[in-house]
Engineer: 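Okay, handing you the structure first.
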Protein chains: 2
Amino acid sequence: MPTIAAQIFQTLADRIAQGDVAPGQKLEEKALADEFGVSRTPVREALRELGARGLIEINPRRGGVVARISVPQLADMLEAECELEATCARLAAQRLTAVEREQLYDLHRRCAEAVKAKDLEGYLAANRDFHDHICRGAHNTTIAAMAVDLRARLAPFRQRQAGTIEARMQQSLDEHQGIVDAIRANDARTAFDAMCAHNARLSAGVMRLFSESMLAS
Amino acid sequence: MPTIAAQIFQTLADRIAQGDVAPGQKLEEKALADEFGVSRTPVREALRELGARGLIEINPRRGGVVARISVPQLADMLEAECELEATCARLAAQRLTAVEREQLYDLHRRCAEAVKAKDLEGYLAANRDFHDHICRGAHNTTIAAMAVDLRARLAPFRQRQAGTIEARMQQSLDEHQGIVDAIRANDARTAFDAMCAHNARLSAGVMRLFSESMLAS
DNA sequence: TCGTGCACGATTGTGCACAAGATGGGCATC
DNA sequence: GATGCCCATCTTGTGCACAATCGTGCACGA
């Protein structure tokens, strides 16, 4: 049985990732302690951990708020994610095992079927698995962990654009095809460029929506 | 005035980075609390933060130990650092401002002078500044922060090889020259490759020494 | 009417006490 | 003599209380 603090950390991390608590919202120790029926101590530990991972901002004596972000900061993080995933794609093109290659083709097929069926939910899940598989396929746990952490931090801001993906599913699928082809050909450089271009296009969409929402508020 | 927890975190992080406490060594809350003359609470917070950043391992109800590492894990982390810095070099070649370029040349000169004077201490400092400058020169705070964090985690294991650098100073300087030339020419791809090769060579040295020390113990 | 200063309330930082679980040594048994 | 079990001790996890600090609202003066 994990510690109470670890459970609360996980719960809060999920809430933030899924947008249940909005960026900028205060996280008060006492209120959370009451909600979970524990004392402030484990809540504090959970908040510290969230702070260390960049999911919330903690100011001394002023408590924690869900991490906010400015337009340039979002651009910064999206670019970092783009570089990270592209690096993974480059390494994956050189290192994927035969089994992993087949799994990648399977995931790509799942994406294609979801697009054909216009199944947004299924596409998002398959798409996530596709990207995850490539990150793990780099066979470097440090880089993969950095990519996962970064994606967790970006999740709250990416959340809102889920609805707009529908129109782009077909194009994304075509780009995935390019990535798969490059990996199949062990063409590291093309795999990097294809992943980079793919993520850059997605990031541009996120930026556009985010900028709009910032102007609106 | 920062909180006590923040001060203790910084102190412990420095100790770990400088090798004052060896990997695997236990960090007991009460002992540290007595040493710093505070209660266990701020010490706990500091340890949690160190744990979140990967500098120590924390097991529930068993306390924390300075992060240990296996040979494959070290290889993993060194490779990640290599990719990260090479990415920074690639971006820096495209983005360095005129002022930053001059600063880079200055830092390179400082390295060269230290080599000529056989000033190991000075070379290590100038070398660190050189690499830092390139990381910052990527103009991406997220990637730079990841590189800094990773270097902090690697510091305890890199510590031991400081003495052996002397023989490699000249070669490292030559490689730095190649990086500087590529950046001067705005040649992103060559900058990436040069930094990658440079770091790979250094990493190989770290791996060799680490493997030996693992066999010895 | 607006700006400034003060006091109060609320929240976090720290210290301390008790509870739960882990480690290590001693003892019994094979 | 070796092995497995049990218990004592120690360390960490959690709860709670007090202290320090920050934000807010109000009153006062310009």
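Labels below follow one simple rule: chain letters A, B, ... track the order of the sequence lines, proteins then strands, and each chain is numbered from 1.
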Engineer: Can a donor-acceptor pair under 3.5 Å be found between the side-chain atoms of Arg40(A) and the base atoms of dG13(C)?
Structural biologist: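 Yes, the side chain and the base share a sub-3.5 Å donor-acceptor pair.
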Engineer: With the side chain counted from C-beta on, respond yes when Gln25(A) and Val65(A) share a heavy-atom pair under 4.5 Å apart, and no when they do not.
Structural biologist: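 Gln25(A) vs Val65(A): side chains apart.
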Engineer: Ignoring backbone atoms, test whether Ser39(B) places a side-chain nitrogen or oxygen under 4.0 Å from the OP1 or OP2 oxygen of dG15(C).
Structural biologist: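 Yes, because at least one side-chain N or O of Ser39(B) sits under 4.0 Å from OP1 or OP2 of dG15(C).
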Engineer: Heavy atoms from C-beta onward define the side chain here; which of dG15(C), dT11(D), dC16(D) lies closest to that of Thr41(B)?
Structural biologist: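 Between dG15(C), dT11(D), dC16(D), the one nearest the side chain of Thr41(B) would be dG15(C).
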Engineer: As a test of understanding, state which of Glu29(B), Glu28(B), Glu45(B) forms a side-chain hydrogen bond (donor to acceptor under 3.5 Å, both in side chains) with Arg40(B).
Structural biologist: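 It is Glu29(B), the one option of Glu29(B), Glu28(B), Glu45(B) that forms the side-chain hydrogen bond (donor to acceptor under 3.5 Å, both in side chains) with Arg40(B).
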Engineer: For the pair made of CD in Glu29(A) and P in dT14(C), what is the distance, rounded to whole Å?
Structural biologist: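 The answer, rounded to whole Å, is 11 Å.
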Engineer: For the side chain of Arg48(B), counting heavy atoms from C-beta on, which of dG15(D), dG13(D), dG13(C) is nearest?
Structural biologist: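 Looking only at side-chain atoms, Arg48(B) lies closest to dG13(D).
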Engineer: Rounding to an integer number of Å, can you tell me how far Leu47(B) CG sits from dT14(C) P?
Structural biologist: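 The distance from CG of Leu47(B) to P of dT14(C) comes to 14 Å, rounded to the nearest Å.
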Engineer: In whole angstrom, what separates Phe36(A)'s CZ from dG15(D)'s C1'?
Structural biologist: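 Distance check: Phe36(A) CZ to dG15(D) C1' gives 17 Å.
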Engineer: Base of dG13(D), side chain of Thr3(A) - is there a donor-acceptor contact under 3.5 Å?
Structural biologist: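 Result: no qualifying N/O pair found.
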Engineer: With distance as the sole criterion, is a donor-acceptor pair present between the side chains of Thr142(A) and Arg153(B) under 3.5 Å?
Structural biologist: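 Their side chains do not contain a donor-acceptor pair, so the 3.5 Å distance test is not met.
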Engineer: Whole angstrom is fine here: how far is it from CZ in Arg44(A) over to P in dG13(D)?
Structural biologist: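 Taking atom P of dG13(D) as the reference, CZ of Arg44(A) is at 15 Å.
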Engineer: For the helix from dT1(C)-dA30(D) to dC30(C)-dG1(D), how many degrees between its two end axes (five pairs per end), to the nearest 10°?
Structural biologist: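 For the helix from dT1(C)-dA30(D) to dC30(C)-dG1(D), the axes at either end differ by 10°.
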Engineer: Would you kindly give the CD1-to-C1' distance between Ile8(B) and dG15(C), to the nearest whole Å?
Structural biologist: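 Checked: the CD1 to C1' distance equals 13 Å.
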Engineer: Which nucleotide in the list dT21(D), dT14(C), dA20(C) gets nearest to the side chain of Arg61(A)?
Structural biologist: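 Closest nucleotide to the Arg61(A) side chain: dT21(D).
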Engineer: Could you state the NZ-P distance from Lys30(A) to dG15(D), rounded to the nearest angstrom?
Structural biologist: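 Whole-Å distance recorded here is 13 Å.
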Engineer: Will you find, in the side chains of Arg136(B) and Thr141(B), an N or O donor that is under 3.5 Å from an N or O acceptor?
Structural biologist: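 Side chains of Arg136(B) and Thr141(B): no pair found under 3.5 Å.
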Engineer: Any chance the rings of His176(B) and His131(B) have centres within less than 6.0 Å?
Structural biologist: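 Ring centres of His131(B) and His176(B) closer than 6.0 Å.
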Engineer: What's the CG-P distance between Asp34(B) and dC16(C), to the nearest Å?
Structural biologist: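 Rounded to whole Å, this separation is 11 Å.
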Engineer: Can you give me every donor-acceptor pair (side chain of residues 145-152 of chain B, partner residue at least two apart or in another chain, under 3.5 Å) with its distance?
Structural biologist:
residue, atom, partner, partner atom, Å
Arg151(B), NH1, Asp132(B), OD1, 3.2
Arg151(B), NH2, Asp132(B), OD1, 2.8

Engineer: Please work out if Glu45(A) contacts a base, only the sugar-phosphate, or nothing of the nucleic acid, heavy-atom cut-off 4.0 Å.
Structural biologist: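 Glu45(A): no heavy atom of the nucleic acid under 4.0 Å.
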Engineer: Would you say Glu83(A) and Leu91(B) make side-chain contact, with heavy atoms under 4.5 Å?
Structural biologist: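 Sidechains of Leu91(B) and Glu83(A): in contact.
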Engineer: Indicate whether any N or O donor in one side chain lies under 3.5 Å from an N or O acceptor in the other, for His139(B) and Glu100(B).
Structural biologist: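 Glu100(B) and His139(B) do have a side-chain donor-acceptor pair below 3.5 Å.
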Engineer: Kindly say if Arg62(A) contacts the phosphate of dT12(C), meaning a side-chain N or O under 4.0 Å from OP1 or OP2.
Structural biologist: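 For dT12(C), neither OP1 nor OP2 has a side-chain N or O of Arg62(A) closer than 4.0 Å.
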Engineer: Lys26(B) has an atom NZ; how far is it from atom P of dT23(C), in whole Å?
Structural biologist: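 Atom-to-atom, Lys26(B) to dT23(C), this comes out as 8 Å.
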Engineer: Report the residue (Pro42(A) or Gly63(B)) whose heavy-atom-nearest nucleotide on DNA chain D is the more 5′ of the two.
Structural biologist: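 Upstream on the strand: Gly63(B).
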Engineer: What's the closest nucleotide to the side chain of Ile4(A) if the choices are dG15(D), dT14(C), dT14(D)?
Structural biologist: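 The nucleotide sitting nearest to the side chain is dT14(D).
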